[in-house]
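Counting starts at 1 for both ligands and their atoms, following the listed order. Values reported hereafter were calculated over all heavy atoms of this structure, with side chains retained and with hydrogens, waters and symmetry mates removed.
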Amino acid sequence: MNMKTSTMKAWVIDQPGRIDALQCLDVPRPVPGPGELLVKVSAAALNFSDLLMVEGRYQVRPPPPFAAGQEIAGRVVQAPAGSTLQPGDRICSKVEWGGFADYALVRETMAIRVPDTLDDAAAATLPVVWPTAWIALHDRAHLQPGETVLVHAAAGGLGLACLQLVRAAGARSIALVGSRKKFDAARAAGADEVVSMEDAWSDIVREHGGADVVVDSVGGDATLQSLRCIARNGRLLLVGFSGGQIPQIPANKLLLKNLSALGVYWSHDWSLPQVERSVAALLDLHARASIRVAPGRTYPFGELPLALRDLAGRGTTGKSVLLASGDAS
Ligand SMILES: NC(=O)c1ccc[n+]([C@@H]2O[C@H](COP(=O)([O-])OP(=O)(O)OC[C@H]3O[C@@H](n4cnc5c(N)ncnc54)[C@H](OP(=O)(O)O)[C@@H]3O)[C@@H](O)[C@H]2O)c1
């Protein structure tokens, strides 16, 4: 096979801007460099940061033109000499970009072997939000059984993973969602209480005794409201700013309640052992059926712009997944 002349379909951004700037094009199939796998993509999951990358507002800024997409599942087509992975092996992985394509390059050290108990659409949802949820709750907040965790955007990809991990840790969750339409999704993931941003939610959380830990992925006013209902000695986990505003945290609130504000970020470049530990713990929980790793909605490959618009418009629950071909639900 002549890799250099083979082509594939990919969702390409020529000029970062609006979702409409994405084009489905025939482009050269990528050629793996040292330490890289070539993977035939079966399913690619969406992340909130895809929206930021498409708009050129994410911290990772690939040189355009580039294919979007940061999380895939598929089969190894080509592996480096001496690799523990072979052509035909099923893997899933975070990729820096290039996931919304027929083929993607995967760093060998980032590839996760997919157990037979996960199909490709489910496997594609594993590499990003699940380690984030694990690292946030366990490595950063040191969550203890019996504690109460307030989870922002609790019916989203990260949110549903957090709800399940809170339950698996023997802790209690309060799910905060944008609208009542998302109550059922949060409850199905094990939320003990569900509150809507449409209501005076920080008062309601206080009535429930406050939160020992807050997983804050929305930012802006949601962060400030969270400081009203976080309990003494609480841990505020700053995970993202999907609401679009980076909050200014008043330090006096941290002082008066003995609070910790903790950033949550990880990378295969500087925290590989931590990522590997979290993935091992998650696969163990999956094997024991303590968590359910699954997509929210699947979309056919051609519907990436619709899938991204649904995510931007707060219309999704769980992780959306783009399928290489075949059925979408
Ligand atoms: N730090 C890390 O390492 C890391 C890793 C992965 C993800 N993240 C962050 O975690 C967050 C969740 O990521 P995700 O991929 O799982 O996305 P998601 O939660 O599935 O989707 C974003 C959610 O944010 C809420 N939201 C609130 N205000 C919004 C607005 N103005 N526009 C759009 N959405 C808004 C919506 O939920 P409601 O309608 O229920 O409010 C929406 O469903 C993001 O902030 C992301 O950047 C951080």
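- For ligand 1, the atoms sitting less than 4.0 Å from at least one non-hydrogen atom of Gly240 are 45 (O), numbered in the order shown with element in parentheses.
- Transitive grouping of hydrophobic side chains (ILVMFWY, heavy atoms separated by less than 4.5 Å) brings Ile135 and Val151 into a common cluster.
- Here is the list of ligand 1 atoms found below 4.0 Å of a heavy atom in Phe241: 45 (O).
- Of the protein's heavy atoms, Gly156 CA, 3.6 Å lies nearest to atom 19 (O) of ligand 1.
- Residue contacts with ligand 1: Met197 is placed with no nitrogen or oxygen under 3.5 Å of a nitrogen or oxygen of the ligand (distance criterion only).
- With a 6.0 Å radius and a threshold of 12 heavy atoms from other residues, nucleotides or ligands, Arg232 has its CZ atom at or below the threshold.
- Considering OG1 of Thr317 and NZ of Lys181, their distance stands at 11.0 Å, rounded to 0.5 Å.
- The protein non-hydrogen atom at the shortest distance from atom 1 (N) of ligand 1 is Val264 O, 2.7 Å.
- Residue contact check: Trp266 has heavy atoms under 4.0 Å from atoms 3 (O) of ligand 1.
- The Val129 neighbourhood of ligand 1 comprises atoms 16 (O), with distances under 4.0 Å to a heavy atom of that residue.
- Here the heavy atom of the protein found nearest to atom 11 (C) of ligand 1 is Ser217 CB, 3.6 Å.
- Of all protein heavy atoms, the one closest to atom 8 (N) of ligand 1 is Val239 O, 3.9 Å.
- Nearest non-hydrogen protein atom to atom 16 (O) of ligand 1 is Leu158 N, 2.8 Å.
- For Lys257, the NZ atom sits in a packed shell: over 12 heavy atoms of surrounding residues, nucleotides or ligands are nearer than 6.0 Å.
- Closest protein heavy atom to atom 5 (C) of ligand 1: Thr132 OG1, 3.2 Å.
- Residue, atom and distance of the protein heavy atom nearest to atom 41 (O) of ligand 1 are Arg314 NH2, 2.8 Å.
- No part of His152 comes within 4.0 Å of ligand 1, judged by heavy-atom distances.
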Could you pull out all donor-acceptor pairs under 3.5 Å where a side-chain atom in residues 10-21 meets a protein atom, sequence neighbours excluded?
{"unit_1": "Trp11", "atom_1": "NE1", "unit_2": "Phe301", "atom_2": "O", "d": "2.9"}
{"unit_1": "Arg18", "atom_1": "NH1", "unit_2": "Asp20", "atom_2": "OD2", "d": "3.2"}
{"unit_1": "Asp20", "atom_1": "OD1", "unit_2": "Arg309", "atom_2": "NH1", "d": "3.0"}

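- For atom 47 (O) of ligand 1, the nearest non-hydrogen atom of the protein is Phe48 CD2, 4.2 Å.
- Remark: the Thr109 side chain and the His268 side chain contain no N/O donor-acceptor pair separated by less than 3.5 Å.
- Taking any N or O of Ser242, backbone or side chain, at least one lies under 3.5 Å from an N or O belonging to ligand 1.
- Close approach of ligand 1 to Ala153 (heavy-atom distance below 4.0 Å) involves ligand atoms 23 (C), 24 (O), 25 (C), 37 (O).
- In Gln248, the CD atom is not crowded: 12 or fewer heavy atoms of neighbouring residues, nucleotides or ligands sit closer than 6.0 Å.
- Under the 4.0 Å criterion applied to side-chain N and carboxylate O atoms, Arg75 and Asp120 are not assigned as salt-bridge partners.
- With ligand atoms numbered from 1 in the order given, ligand 1 contributes 40 (O) to contacts under 4.0 Å with heavy atoms of Val177.
- At least one heavy atom of Ala312 lies less than 4.0 angstrom from ligand 1.
- Each of Asn47, Thr125, Thr298 was scored for a side chain to side chain donor-acceptor pair (under 3.5 Å) with Lys319, with one residue passing: Asn47.
- At least one N or O atom of Gly157 sits closer than 3.5 Å to an N or O atom of ligand 1.
- Proximity of a side-chain donor or acceptor of Arg206 to a complementary backbone N or O of Arg228 within less than 3.5 Å is detected.
- Ion pairing between Arg29 and Asp102 fails under the 4.0 Å rule for side-chain N and carboxylate O.
- Here's the thing with Lys182: one of its N/O atoms is less than 3.5 angstrom from an N/O atom of ligand 1.
- Ser83 places a side-chain N or O within donor-acceptor distance of the main-chain N or O of Leu85, the cut-off being under 3.5 Å.
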Output side-chain donor-acceptor pairs under 3.5 Å for residues 208-219, partner residues at least two apart or in another chain, one line each.
{"unit_1": "Asp212", "atom_1": "OD2", "unit_2": "Thr148", "atom_2": "N", "d": "2.8"}
{"unit_1": "Asp216", "atom_1": "OD1", "unit_2": "His152", "atom_2": "ND1", "d": "2.9"}
{"unit_1": "Asp216", "atom_1": "OD1", "unit_2": "Val218", "atom_2": "N", "d": "3.1"}
{"unit_1": "Asp216", "atom_1": "OD1", "unit_2": "Gly219", "atom_2": "N", "d": "2.9"}
{"unit_1": "Asp216", "atom_1": "OD2", "unit_2": "Thr223", "atom_2": "OG1", "d": "2.5"}

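- Contact atoms of ligand 1 toward Gly178: 38 (P), 39 (O), 40 (O), 41 (O) (distance under 4.0 Å to a heavy atom of the residue).
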